[in-house]
J.: 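Just dropping this structure here.
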2 protein chains.
Amino acid sequence: MATGRSHRPATRSRGIPEATVARLPLYLRALTALSERSVPTVSSEELAAAAGVNSAKLRKDFSYLGSYGTRGVGYDVEYLVYQISRELGLTQDWPVVIVGIGNLGAALANYGGFASRGFRVAALLDADASLAGRLVAGLPVRHIDELEAIVADNQVSIGVIATPAGAAQEVTDRLVNAGVTSILNFAPTVLSVPDGVDVRKVDLSIELQILAFHEQRKAGEGRQEPDGDVPAVMPA
Amino acid sequence: MATGRSHRPATRSRGIPEATVARLPLYLRALTALSERSVPTVSSEELAAAAGVNSAKLRKDFSYLGSYGTRGVGYDVEYLVYQISRELGLTQDWPVVIVGIGNLGAALANYGGFASRGFRVAALLDADASLAGRLVAGLPVRHIDELEAIVADNQVSIGVIATPAGAAQEVTDRLVNAGVTSILNFAPTVLSVPDGVDVRKVDLSIELQILAFHEQRKAGEGRQEPDGDVPAVMPA
DNA sequence: CCATCTTTGTGCACGCGTTCACAAAGACAT
DNA sequence: ATGTCTTTGTGAACGCGTGCACAAAGATGG
C-alpha cells in the first residue's frame with residue numbers, strides 16, 4: 001500500500017514557515033474587517049489583538065513577507081490586504097468542486113467565506129442520482145460520474161470531500177486521476193494520495209474530543225484520581 | 001477589552017503534551033476500526049500506518065499514557081481503545097448544545113461521530129423563532145432564549161457555535177454565563193472568553209486558503225516570478 | 001535641524017515536538 | 001533452559017516555533 005504523506009513535515013515553502021502560512025488567513029480576515037471600516041493604518045499591537053495572537057509573532061510573520069510596515073505608524077491596511085492575498089494566491093481564481101452534498105456539503109456550498117476569497121464553486125457532485133438537478137446555493141447538484149469531465153473542463157485543482165467515510169478514498173482517487181492536486185477532506189478517514197498531492201483534514205469530532213480531555217481535567221482537578229489503576233478489562 | 005486567551009500556550013496537562021492529546025482521537029479511530037474487524041493485536045508500525053503518522057511518534061505518544069504494549073507482539077486493541085477513551089474522558093457522558101441550526105448546525109447534529117464517542121446532543125438552539133419545533137436529527141430545534149435553562153438543567157459544559165460570525169460573541173457570552181467552560185467555534189471570529197474557558201476553532205475557509213498557498217507554489221514552480229515587485233497599489 | 005516619541009524588524013535564547021537509533025523485554029522455537 | 005527474533009519504550013540530538021527585549025527607523029513637534 002502506497003501510503004501517501006498527508007502533510008509535509010514542516011517544509012519551509014519559499015522561506016515562509018508553515019506556521020506562518022497557517023496564520024496569514026487569520027490576519028487577512030482581521031484586516032478585511034478593518035478595511036470595511038475604512039481604517040487606514042493599524043499597529044501590530046492592535047492587529048494582533050484583533051487576530052488573537054501575540055504581537056511579536058505577528059511582526060515576525062510579516063517580516064517573512066517583507067518590510068511592509070512603517071515604524072512609528074504601523075501597517076497600511078489596504079496594502080497589507082493586497083500583499084497577504086497575493087502571497088496566499090487569493091488574487092487569482094480557484095475553481096473547486098465539492099463532492100458529497102449532504103448537510104455538510106450544502107453548508108460548504110453556502111459558505112460565504114469561499115466566494116469572497118477567490119474560491120469559485122465549479123460544481124456540486126453527489127453519488128445520489130435523485131439529488132441531481134436540485135439547486136443548492138444556486139448551483140445544480142450533478143452526478144458523480146460527471147466528475148472527470150467537470151474537473152478537466154474547469155481546470156479544477158482543488159477538491160473538497162464531504163462524503164461519508166466509506167466513499168472518501170474512492171472519490172479521492174477519482175479526483176486525483178482527473179488532475180486535482182489539493183484536497184480538503186471532511187470525511188473521518190486517512191486518505192492515501194500520491195506524492196505531489198496535498199491533503200488537509202478537518203475533523204469535526206476530533207476537536208470535540210480534545211475539548212473533552214481538557215474539560216475532564218478541569219472537572220477532576222480537586223478530586224483524587226485512581227490514576228494508574230488497572231481497569232476491569234485486562235489485556236490478553 | 002478583555003481579550004481572552006484562545007488556546008493555552010502548550011500547557012502540558014498532567015504530563016501529556018498537547019500535540020499528543022491532539023493525536024489520540026486519531027489513534028482511537030484507527031483502533032476502533034480494527035476492533036470492528038476483530039483484530040486482536042496491532043504493532044506500532046501497522047497502527048501508525050492506519051492513523052497516518054510516524055511509528056516512533058506513536059510509540060512515544062503511547063508512552064505518555066503508560067506501558068500498554070507487549071514487546072515482540074504489539075498492542076492489545078481492545079485494551080488500548082479503553083485506555084485512550086478513558087484518557088480522553090470519553091467513558092463518561094458529555095452533554096453538548098449546538099447553537100445555530102443552519103446547514104452546518106444540522107450537519108453537526110446529524111454527525112454520527114459525536115454520539116458514538118460519548119457526546120450527547122442535549123439541545124439544538126437557534127435565534128430564528130420560525131425554526132422552533134422543527135425536528136433536526138430527531139431533536140426539536142428550540143429557541144435561543146431557552147439556552148440558560150437548558151445548560152443548567154442538563155449540566156452542559158460544552159457548547160458548539162455554528163452561528164453567523166455576528167452572533168458568535170453574544171452566544172459565547174451567554175453560554176459562558178450559563179456555565180459552559182468549553183466552546184467549539186465554527187464561526188469565523190475571534191472569541192473573547194474569561195480565563196478557565198477553552199475555545200477551539202474550526203475554520204472552513206482557512207484550510208482552503210492554506211491549500212491555495214501550496215497550490216500556487218506548485219503552479220509557479222517553473223515560471224519566473226516578479227516576486228519582490230511593487231504592486232500597482234502603493235501604500236499611503 | 002534637532003530632540004523626542006512611537007512602532008517596527010529582528011537577534012537571541014528557550015522550550016516543545018519530532019525523529020533516530022538502540023537497549024531492554026518478552027514471545028517462541030528448539 | 002537457552003538462543004533467536006520481533007517489537008516496544010526511551011535517551012539523546014536536532015530543528016522549528018515562540019516570545020523577549022532592544023536597536024534602528026521614521027514620524028512629529030518645536
J.: Within this structure, what is the CG-to-P distance between D61(A) and dT10(C), rounded to whole angstrom?
T.: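 Between P of dT10(C) and CG of D61(A): 13 Å.
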J.: Expressed in angstrom and rounded to an integer, what is the separation of Y64(A) atom OH from dT18(D) atom P?
T.: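 The distance from OH of Y64(A) to P of dT18(D) comes to 9 Å, rounded to the nearest Å.
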J.: Considering residues at least two apart in sequence or located in another chain, which fulfil the side-chain contact (heavy atoms from CB on, under 4.5 Å) criterion with V156(A)?
T.: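 Per chain and number, V156(A) pairs via side-chain contact (heavy atoms from CB on, under 4.5 Å) with P95(A), V97(A), A122(A), V151(A), N154(A), V180(A).
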J.: By the side-chain hydrogen bond (donor to acceptor under 3.5 Å, both in side chains) test, which pairs, at least two apart or in different chains, include something from residues 170-179 of chain B?
T.: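 Listed by first then second residue: D145(B)-R174(B), E148(B)-R174(B), Q169(B)-D173(B).
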J.: Tell me the interatomic distance from I16(B), atom CD1, to dC16(C), atom C1', rounded to whole angstroms.
T.: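 In whole Å, dC16(C) C1' lies 16 Å from I16(B) CD1.
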J.: Between C1' on dG17(C) and CZ on R23(B), what's the gap in Å once rounded to a whole number?
T.: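 Interatomic distance, CZ of R23(B) to C1' of dG17(C): 8 Å.
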J.: So which protein nitrogen or oxygen atoms get under 3.5 Å of nucleotides 5-9 of chain C's nitrogens or oxygens?
T.:
unit_1, atom_1, unit_2, atom_2, d
dT7(C), O4', G72(A), N, 3.0
dT8(C), OP1, S44(A), N, 2.5
dT8(C), OP2, S44(A), OG, 2.6
dT8(C), O2, R71(A), NH1, 3.0
dG9(C), OP1, G69(A), N, 3.0
dG9(C), OP2, Y75(A), OH, 2.7
dG9(C), O4', R71(A), NH2, 2.9
dG9(C), N7, R59(A), NE, 2.9
dG9(C), O6, R59(A), NH2, 3.2

J.: Please collect all salt bridge (charged side-chain N to carboxylate O under 4.0 Å, His left out) contacts where either partner lies in residues 28-46 of chain A, sequence neighbours excluded, each pair once.
T.: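 Only R29(A)-D203(B) qualify under salt bridge (charged side-chain N to carboxylate O under 4.0 Å, His left out).
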J.: Distance criterion of 3.5 Å, no angle test: do you see the side chain of K60(A) paired donor-to-acceptor with the base of dG19(D)?
T.: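 Counting by modelled atom types and ignoring angles, a donor-acceptor contact under 3.5 Å is found here.
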J.: Please find the pair of heavy atoms, one from S85(B) and one from L28(B), that lie closest to each other, and give the distance.
T.: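 That closest heavy-atom pairing would be OG-CD1, 3.7 Å.
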J.: Take atom CG of L58(A) and atom P of dT10(C), then tell me their distance rounded to the nearest Å.
T.: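 Those two atoms, CG and P, are 14 Å apart.
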J.: Rounded to the nearest angstrom, tell me the gap between atom CG in L65(B) and atom P in dG9(D).
T.: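 To the nearest whole Å, that distance equals 10 Å.
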J.: Go through the structure and list residues passing ring-ring contact (aromatic ring centres under 6.0 Å, His included) with Y75(A), not counting sequence neighbours.
T.: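 Residues passing ring-ring contact (aromatic ring centres under 6.0 Å, His included) with Y75(A): F62(A).
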J.: According to ring-ring contact (aromatic ring centres under 6.0 Å, His included), does anything in residues 162-206 of chain B pair up with another residue at least two apart or in another chain? List the pairs.
T.: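 Of all non-adjacent pairs touching residues 162-206 of chain B, none passes ring-ring contact (aromatic ring centres under 6.0 Å, His included).
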J.: Measure the distance from CG on N54(A) to P on dT18(D) and round it to the nearest whole Å.
T.: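 Answer to the nearest Å: 9 Å.
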